Participant: 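To start, I am sharing the structure in question, which I have written as structure tokens.
Please read these numbers as outputs of a predicted model, since none were measured by experiment.
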Amino acid sequence: MTAPVFVVGRLPDAGAEFVLDGPEGRHAVSVKRLQAGEPVVLTDGAGRWAEGAVVAAEGKDRLVVRLDNVSEEPVPVPRLTVVQALPKGDRGELAVETMTEVGVDAIVPWAASRCITQWKGERGQKALAKWRATARESGKQSRRVRFPEVAEAATGKQVAALLAGADLAVVLHEDREYGSAPLATLALPDTGEIVLVVGPEGGVSPEELALFEQAGAVTCRLGRSVLRTSTAGTAAAALVLGLTGRWA
């Protein structure tokens, strides 16, 4: 097993002792039951991280760690953003969890016209907080040190603006009669930003497709089977990350 990852606000200098307390310290001491000598990784979730070793576990929520060298993980290229239409129930958290695990860099919740779920008011803020918490916890679980950004929910026009600024913009569209190309055969950029749009269970509406194509997006399909909205983004991201060499 690789060393467990814990999130801190700011990393101290290498060679220093650091006290991990609060919720992260409680998880390390009371759940993970870490002991002196065991390895850990501390990160700010934004690319800075340090390996260390436990010096002592104190009480129920304090872990003393001596840090080795502090490192900065390079920003991955090309950057991969997934625009995810709002799924029903807890499938949104499932999508965020698995996309984080495969290596997506940013996730944009999208209130598509055919979404049954709509984020409004306090309910929307709670749902967004759940997505962000899921990205953080999944980032730790998958041993990432640069967690995906989860943006505020976007409208169709805001998604179109994001697509217009991308080096490659793709809308996943399963309708074979529409003329969508296989994503696996698409030429991908080596740098810049790739944006993938995943529609809702009812599909992307004709009006949204037209808007996104006007912004420069191309439509692509994944394969013979039709995936649910909560799994399509993960499958597409894995394919893209493999083809760009980010998984090499």
Side-chain angles (χ1 to χ4, degrees), residues 1-76 81-82 84 86-87 89-109 119 121-153 230 233-234 237:
M1 283 288 292
T2 55
V5 174
F6 298 96
V7 182
V8 299
R10 180 179 178 275
L11 286 169
D13 295 332
E17 286 192 355
F18 181 84
V19 176
L20 184 68
D21 53 13
E24 292 288 90
R26 187 174 303 110
H27 185 72
V29 176
S30 300
V31 179
K32 290 290 188 180
R33 298 185 181 279
L34 296 177
Q35 301 294 324
E38 293 190 78
V40 295
V41 170
L42 302 184
T43 180
D44 61 2
R48 297 191 76 240
W49 64 282
E51 293 179 325
V54 176
V55 175
E58 302 174 348
K60 295 182 178 180
D61 61 357
R62 284 172 57 89
L63 196 75
V64 182
V65 178
R66 181 172 295 280
L67 299 181
D68 296 331
N69 293 334
V70 177
S71 303
E72 178 89 24
E73 181 179 85
V75 176
T81 295
V82 175
Q84 173 65 59
L86 305 179
D90 60 359
R91 287 189 170 273
E93 288 96 273
L94 172 65
V96 172
E97 178 181 37
T98 52
M99 287 192 289
T100 299
E101 289 174 359
V102 301
V104 166
D105 301 301
I107 300 168
V108 180
W119 287 2
E122 185 178 350
R123 179 183 177 184
Q125 290 303 308
K126 286 182 178 179
L128 177 60
K130 283 185 178 180
W131 279 36
R132 286 175 171 168
T134 299
R136 173 188 168 107
E137 294 307 310
S138 185
K140 289 165 54 180
Q141 182 67 35
S142 54
R143 308 301 196 260
R144 289 183 62 168
V145 296
R146 189 181 292 278
F147 302 161
E149 303 166 14
V150 179
E152 297 280 341
S230 54
T234 301

Participant: Does the R143 side chain pair with the main chain of A3, one donor and one acceptor, at a distance under 3.5 Å?
Facilitator: yes
Participant: Going by the rule side chain to side chain donor-acceptor pair (under 3.5 Å), which residues pair with E97 if we only count those two or more places apart in sequence or in a different chain?
Facilitator: none
Participant: Tell me the closest heavy-atom pair linking R48 and T43, and the distance in Å.
Facilitator: O-OG1, 2.9 Å
Participant: S71: what forms a side-chain contact (heavy atoms from CB on, under 4.5 Å) with it, not counting sequence neighbours?
Facilitator: W49
Participant: Count the heavy atoms of every other residue, nucleotide or ligand shown that sit under 6.0 Å from CD of E17, and state whether that count exceeds 12.
Facilitator: yes
Participant: Can you name the closest pair of heavy atoms from E101 and S138 and give their distance?
Facilitator: CG-OG, 3.4 Å
Participant: Could you tell me which non-hydrogen atom of S230 sits nearest to which non-hydrogen atom of T98, and how far apart they are?
Facilitator: O-OG1, 4.4 Å
Participant: Nearest 0.5 Å please: distance from the CZ atom of F18 over to the CZ atom of R10.
Facilitator: 9.5 Å
Participant: CG of L63 to CD of E58: how many Å apart, nearest 0.5 Å?
Facilitator: 8.5 Å
Participant: When rounded to the nearest 0.5 angstrom, what is the spacing between CZ in F147 and CG in D44?
Facilitator: 8.5 Å
Participant: Do F6 and V65 come within less than 4.5 Å of each other through their side chains, counting heavy atoms only?
Facilitator: no
Participant: Heavy-atom count around N69 CG within 6.0 Å, excluding the residue itself: above 12?
Facilitator: no
Participant: Please give me the minimum heavy-atom distance between G233 and V82, naming the atom from each residue.
Facilitator: CA-CG1, 4.5 Å
Participant: Can you tell if the side chain of R26 reaches within under 4.5 Å of the side chain of K60, non-hydrogen atoms only?
Facilitator: no
Participant: Rounded to the nearest 0.5 Å, what's the gap from CZ on R136 to OG1 on T100? Could you check?
Facilitator: 13.0 Å
Participant: Which heavy atom of L11 sits nearest to which heavy atom of A50, and what is that distance?
Facilitator: CD1-N, 4.2 Å
Participant: Could you tell me the separation between the CD atom of Q84 and the CD1 atom of I107, rounded to the nearest 0.5 Å?
Facilitator: 8.0 Å
Participant: Is there a side-chain contact between P4 and H27 in this structure, where contact means two heavy atoms from C-beta onward sitting under 4.5 Å apart?
Facilitator: no
Participant: Could you give the distance from NZ (K140) to CD (E24), rounded to the nearest 0.5 Å?
Facilitator: 3.5 Å
Participant: Evaluate the side-chain proximity of V54 to Q35: yes if any heavy-atom separation is below 4.5 Å, no if none is.
Facilitator: no
Participant: Compare every heavy atom of Q125 with every heavy atom of E152, then report the nearest pair and how far apart it is.
Facilitator: OE1-NE2, 4.1 Å
